[in-house]
Amino acid sequence: MPDFPWDSLAAARARAAEHPGGVVDLSIGTPVDDTPEVLTAALAAAGNSPGYPTALGTAELRTAAAGWLERRLGVRLADPLGADPSVIPTVGSKELVALLPTLLGLRGGTIVIPEVAYPTYEVGAVVAGLSVVRSDVPPADPGDVALVWINSPGNPHGRVLSDEQLRGWAAWGREHGVPVVADECYAMLGWEVEPRSLLHPAIAGDDHTGLLAVHSLSKQSTAAGYRGGLLSGDPALVRRIWDVRRHLGLLVPGPVQAAMAAALADDAHVDEQRERYRSRRERLAAAVRGAGARIDASEAGLYLWVTRDEDCWTTIDWLAGLGIVAAPGSFYGPAGARHVRMALTATDERIAAAAERLSA
């Protein structure tokens, strides 16, 4: 296994801690605002849960998930309550990303991941004994490619794939019999561009053959501690994954499933949280630009992709001197080596502190 990337930030954290105003930690995208009552009330009401939950997910949850996908993303699933499920809950999205090649039973071959990518895509390949190739375009020669990950809006850079790009990946995967999986965990956070799902009819057509999408409640519902995610798409692929998950006991706890169902049926809390992030983004972005740095992409998602046209670790050191911790772009692949990722997941007070320091 590779080293855990964030361990290498120890020196930067120590330097930032010396700032008299304390550390502003923008290195990890963990929510800090309170989990909305719509989730906590549903969780508490379902607290008497003596039996094992189902890996398939309750009918209430799958119905709510299908409703949310259609209402918010324009995605129409095949019968979510049918014999071949088109949506199932997952223990957050990270475990699914890390285990998907294994759950699909891939043996040998290569996984395509974005040029600049969330590290767990590569970890999943390592766990399954597969190799990785980084590419933002479909390979001319499919070779031994067994799986494709795309990420839109992207982590760390916030780039949104166009309809043309999404259709290109879907067509390539179907032509070569390779599953294409879209990580869409930031789909509710489009700022300058409205993200489109891989499963949308304008991309996938009338069915989802060969296509899967991953969603999460962690950011949109400030519920990362609940570990609630969704996998949807091609019923044949979803069933394959569900079959293995139930053998392994990968079960979302019953009370969490109840909270997920309540959250997916309620749009108001998602929209309220989105506005908090919008305000923080505007304030931090103005300060970053005022300090002479450039923000690339960042058209959606929870991060600013920042560069001073220098090695990312030099930028990390500059920020640490201001008491600010960010994530070096090299965490996400060689192509990120001149950027840093700054998260919007800090309190209003800490974002204000960062903006003040950058503007000094």
**Q** Quick check: does any side chain N or O of Q165 sit under 3.5 Å from a backbone N or O of S162, one acting as donor and the other as acceptor?
**A** yes
**Q** Counting distance only, does the side-chain N/O of D183 pair as donor-acceptor with the main-chain N or O of C185 below 3.5 Å?
**A** yes
**Q** Grab the two heavy atoms, one from V160 and one from S152, that are nearest each other, plus how far apart they are.
**A** CA-OG, 3.5 Å
**Q** Does the W169 side chain pair with the main chain of P138, one donor and one acceptor, at a distance under 3.5 Å?
**A** no
**Q** May I ask you to test the V87-V238 pair for a side-chain heavy-atom distance under 4.5 Å?
**A** no
**Q** Any idea how H157 and W305 line up, ring-wise: parallel (<30°), tilted (30 to 60°), or perpendicular (>60°)?
**A** perpendicular
**Q** Charged N to carboxylate O under 4.0 angstrom, R13 versus D25?
**A** yes
**Q** Please check if V148 and Y332 belong to a single hydrophobic cluster, counting links between Ile, Leu, Val, Met, Phe, Trp and Tyr side chain heavy atoms closer than 4.5 Å.
**A** no
**Q** Around atom CG of D309, are there more than 12 heavy atoms of other residues, nucleotides or ligands at under 6.0 Å?
**A** yes
**Q** Are the side chain of T58 and the backbone N or O of L61 linked by a donor-acceptor pair below 3.5 Å?
**A** yes
**Q** I'd like to know if L319 and I351 are part of one continuous hydrophobic network [Ile/Leu/Val/Met/Phe/Trp/Tyr, side-chain heavy atoms within less than 4.5 Å].
**A** yes
**Q** Hey, are D311 and R338 close enough for a salt bridge, meaning a charged N less than 4.0 Å from a carboxylate O?
**A** no
**Q** For the residue pair T222 / D33, report whether a side-chain donor-acceptor contact shorter than 3.5 Å exists.
**A** no
**Q** Check whether S131 reaches the backbone of G109 with its side chain - one donor and one acceptor, N or O, closer than 3.5 Å.
**A** yes
**Q** Could you check whether atom CD of E310 has more than 12 heavy atoms from other residues, nucleotides or ligands sitting under 6.0 Å from it?
**A** yes
**Q** Please report the closest heavy-atom contact between K219 and Y277, naming both atoms and the distance.
**A** O-CE1, 4.1 Å
**Q** Could you walk me through whether H19 and I324 pass the side chain to side chain contact (heavy atoms under 4.5 Å, CB included) test, one step at a time?
**A** CA-CA 9 Å; H19 193 281; I324 300 168; over 6 Å; no
**Q** Do L231 and W149 sit in the same hydrophobic cluster, where Ile, Leu, Val, Met, Phe, Trp and Tyr count as joined when their side-chain heavy atoms come under 4.5 Å apart?
**A** yes
**Q** Is a donor from one side chain sitting under 3.5 angstrom from an acceptor on the other, for N155 and R341?
**A** yes
**Q** R72 side chain to A187 main-chain N or O, any donor-acceptor pair under 3.5 Å?
**A** no
**Q** Taking atom CD as the centre, does E275 end up with more than 12 heavy-atom neighbours from other residues, nucleotides or ligands that are less than 6.0 angstrom away?
**A** yes
**Q** Do E184 and S197 have side-chain N/O donor and acceptor atoms under 3.5 Å apart?
**A** yes
**Q** Spell out, as yes or no, whether a donor-acceptor pair under 3.5 Å connects the side chain of S298 to the backbone of D296.
**A** yes
**Q** Surrounding CZ of R134 (heavy atoms of other residues, nucleotides or ligands, distance under 6.0 Å), is the total greater than 12?
**A** yes
**Q** So if you build clusters from Ile, Leu, Val, Met, Phe, Trp, Tyr with side-chain heavy-atom gaps below 4.5 Å, do V91 and V256 land together?
**A** yes
**Q** Just wondering, do V214 and V181 contact through their side chains at under 4.5 Å, heavy atoms?
**A** yes
**Q** How close do T110 and V132 get, heavy atom to heavy atom, and via which atoms?
**A** CG2-C, 4.1 Å
**Q** For H269, does its backbone N or O pair with a side-chain atom of D266 as donor and acceptor, under 3.5 Å?
**A** yes
**Q** Does any N or O in the side chain of R174 come within less than 3.5 Å of the main-chain N or O of L211, such that one atom is a donor and the other an acceptor?
**A** no
**Q** Considering only heavy atoms from C-beta outward, does the side chain of P85 approach that of D79 to under 4.5 Å?
**A** no
**Q** Given side chains that start at C-beta, do those of L103 and R245 come closer than 4.5 Å, heavy atoms only?
**A** yes
**Q** Tell me whether the guanidinium CZ or amine NZ of R308 lies under 6.0 angstrom from the six-membered ring centre of W318 and within 45° of its axis.
**A** yes
**Q** Would R240 and W242 count as a cation-pi pair here, with the cationic atom under 6.0 angstrom from the ring centre and within 45° of the axis?
**A** no
**Q** Which of parallel (below 30°), tilted (30 to 60°) and perpendicular (above 60°) describes Y118 and Y121?
**A** perpendicular
**Q** Between the main-chain N or O of P235 and the side-chain N or O of D84, is there a donor-acceptor pair closer than 3.5 Å?
**A** no
**Q** Do the side chains of L56 and L230 join up, straight or via other hydrophobic residues, at under 4.5 Å, putting them in one cluster?
**A** no
**Q** Measure the CZ-CD1 distance between R196 and I203 for me, rounded to the nearest 0.5 Å.
**A** 5.5 Å
